[in-house]
Amino acid sequence: MYCRLPEPIDDCVRIMAKPDFPSLLHPGIHSITLKELHILAVAPFPEDVRRADLYGKLITWLGALQALGVGGTLWLDGSFLTAKPSPGDIDCVLWNPHWANEGANITAAMQQQVEHLLDKSAAEQLFDLDLYVELPTSDMLFHREVYWRGLLGFGHDRVTAKG
């Protein structure tokens, strides 16, 4: 779609907005367990093999990080948290990944494995994650959270709030 000026550009932008599928959560940020995530985003879609596969890959990725002793806070978003059939991936932001046990013997091999697990390209290729890692300084934390809340908290129309 394109507009010939002097047609209002706003009319073109609205027409070009990507449609959203119904959200599985009401607007806002929600704290849920992995079991609750399964109940929300996988169990209601028993015929959707892709959802089960994505959830399994997320569990494998998280398990690998935990086995290496890495902690953090994970925000999830995207079509996986909507009623869209066969979502393409799981969008996620990992906040402040860190060694959960600072006194542990962290080897170069462990560091390399963690770097690989947190690599955007590798996460997409191996685990179907659209991964972003955030390590903001304390003075930038608020700004980075506002950025991600704005990006993840609204539909493609940039007006409709979502969960």
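Side chains are part of it too, since the values below use all heavy atoms of this structure and drop only hydrogens, waters and symmetry mates. The shown structure was predicted, so the numbers you read here are calculated from the model rather than taken from an experiment.
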K.L.:
What are the two closest heavy atoms between Asp89 and Arg50, and how far apart are they?
P.N.:
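Heavy-atom minimum between the residues: N-NH2, 4.4 Å.
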K.L.:
Show your working on side-chain contact (heavy atoms from CB on, under 4.5 Å) between Gln111 and Ile106 and close with a plain yes or no.
P.N.:
CA-CA 7 Å; Gln111 288 178 333; Ile106 301 164; 3.7 Å; yes
K.L.:
I want to check something: taking the side chain as every heavy atom from C-beta on, are Arg149 and Ile29 in contact at a cut-off of under 4.5 Å?
P.N.:
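Sidechains of Ile29 and Arg149: in contact.
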K.L.:
In chain order, what residues pass the side-chain contact (heavy atoms from CB on, under 4.5 Å) check against Ala41, with sequence neighbours excluded?
P.N.:
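By the side-chain contact (heavy atoms from CB on, under 4.5 Å) rule, Ala41 matches Leu24, Leu37, Arg51, Phe80, Leu81.
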K.L.:
Does His116 have any side-chain contact (heavy atoms from CB on, under 4.5 Å) partners at least two apart in sequence or in another chain, and if so, which?
P.N.:
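Once residues adjacent in sequence are excluded, the partners of His116 under the side-chain contact (heavy atoms from CB on, under 4.5 Å) criterion are Ala122, Leu126.
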K.L.:
Are any of the side-chain heavy atoms of Leu54 and Pro87 separated by less than 4.5 Å?
P.N.:
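When only atoms from C-beta onward are counted, Pro87 and Leu54 do touch, with a gap below 4.5 Å.
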K.L.:
Can you classify the ring geometry of Tyr55 versus His38 as parallel (below 30°), tilted (30 to 60°) or perpendicular (above 60°)?
P.N.:
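Geometry flag for His38 against Tyr55: perpendicular rings.
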K.L.:
Heavy atoms, side chains only, cut-off 4.5 Å: are Leu65 and Pro97 in contact?
P.N.:
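Not touching, per the 4.5 Å side-chain cut-off.
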K.L.:
If hydrophobic clusters are built by linking Ile, Leu, Val, Met, Phe, Trp and Tyr wherever their side-chain heavy atoms come under 4.5 Å apart, do Val93 and Phe154 end up in the same one?
P.N.:
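Unlinked, Val93 and Phe154 end up in two clusters.
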K.L.:
If you compare all heavy atoms of Asp91 against all heavy atoms of Gly78, which two are closest, and at what distance to 0.1 Å?
P.N.:
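Looking at all heavy atoms of both residues, the closest pair is OD2-CA, 3.3 Å.
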K.L.:
Test side-chain contact (heavy atoms from CB on, under 4.5 Å) on Val133 and Trp95; report intermediate values, then the result.
P.N.:
CA-CA 6 Å; Val133 177; Trp95 291 90; over 6 Å; no
K.L.:
Could you measure the distance from the CD atom of Gln113 to the CG atom of Leu68? Nearest 0.5 Å is fine.
P.N.:
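If I round to the nearest 0.5 Å, the distance is 5.0 Å.
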K.L.:
Give the cluster check for Val146 versus Trp148: same hydrophobic cluster or not, with ILVMFWY residues linked at side-chain heavy-atom distances below 4.5 Å.
P.N.:
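Result: no, two separate clusters.
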K.L.:
side-chain contact (heavy atoms from CB on, under 4.5 Å) between Ile90 and Asp130: does it pass, once the steps are laid out?
P.N.:
CA-CA 6 Å; Ile90 299 177; Asp130 186 10; over 6 Å; no
K.L.:
For Ser79 and Gly88, which heavy atoms make the closest approach, and how far apart are they?
P.N.:
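Closest heavy-atom pair between Ser79 and Gly88: OG-N, 3.9 Å.
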K.L.:
Quick one: do Leu117 and Ile59 end up in the same hydrophobic cluster if we chain Ile, Leu, Val, Met, Phe, Trp and Tyr together by side-chain heavy atoms under 4.5 Å apart?
P.N.:
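Per the 4.5 Å side-chain linkage, Leu117 and Ile59 are co-clustered.
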K.L.:
Which atom names give the shortest non-hydrogen contact between Ser86 and Asp48, and what distance separates them?
P.N.:
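Closest approach of Ser86 to Asp48, heavy atoms only: N-OD2, 2.8 Å.
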K.L.:
Report the C-alpha separation of Met140 and Thr137 in whole Å, then their side-chain angles, then the decisive distance to 0.1 Å, and conclude whether the side-chain contact (heavy atoms from CB on, under 4.5 Å) test is met.
P.N.:
CA-CA 5 Å; Met140 288 301 296; Thr137 57; 3.6 Å; yes
K.L.:
Decide yes or no for Trp61 and Leu129: does some side-chain heavy atom of the first lie under 4.5 Å from some side-chain heavy atom of the second?
P.N.:
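In short, these two side chains touch, coming nearer than 4.5 Å.
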K.L.:
With a 4.5 Å cut-off on side-chain heavy atoms, are Leu131 and Leu94 touching?
P.N.:
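Yes, their side chains come closer than 4.5 Å.
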K.L.:
Look up atom OG1 in Thr33 and atom CD1 in Ile39, then write down how far apart they are to the nearest 0.5 Å.
P.N.:
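Reported value, rounded in 0.5 Å steps: 7.0 Å.
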K.L.:
Lys84 vs Asp20, test: salt bridge (charged side-chain N to carboxylate O under 4.0 Å, His left out). Steps then yes/no.
P.N.:
CA-CA 8 Å; Lys84 180 181 181 179; Asp20 286 308; over 6 Å; no
K.L.:
Minimum heavy-atom separation for Phe45 to Leu40, with atom names?
P.N.:
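Smallest heavy-atom distance, with atoms named: CE1-O, 4.2 Å.
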K.L.:
In terms of hydrophobic clustering (I, L, V, M, F, W, Y; side-chain heavy atoms under 4.5 Å; direct or indirect links), are Leu25 and Leu74 co-clustered?
P.N.:
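Leu25 and Leu74: one cluster.
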K.L.:
For residues Glu145 and Trp75, report the shortest heavy-atom separation together with the two atoms involved.
P.N.:
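Scanning both residues, the minimum pair turns out to be CG-CH2, 4.1 Å.
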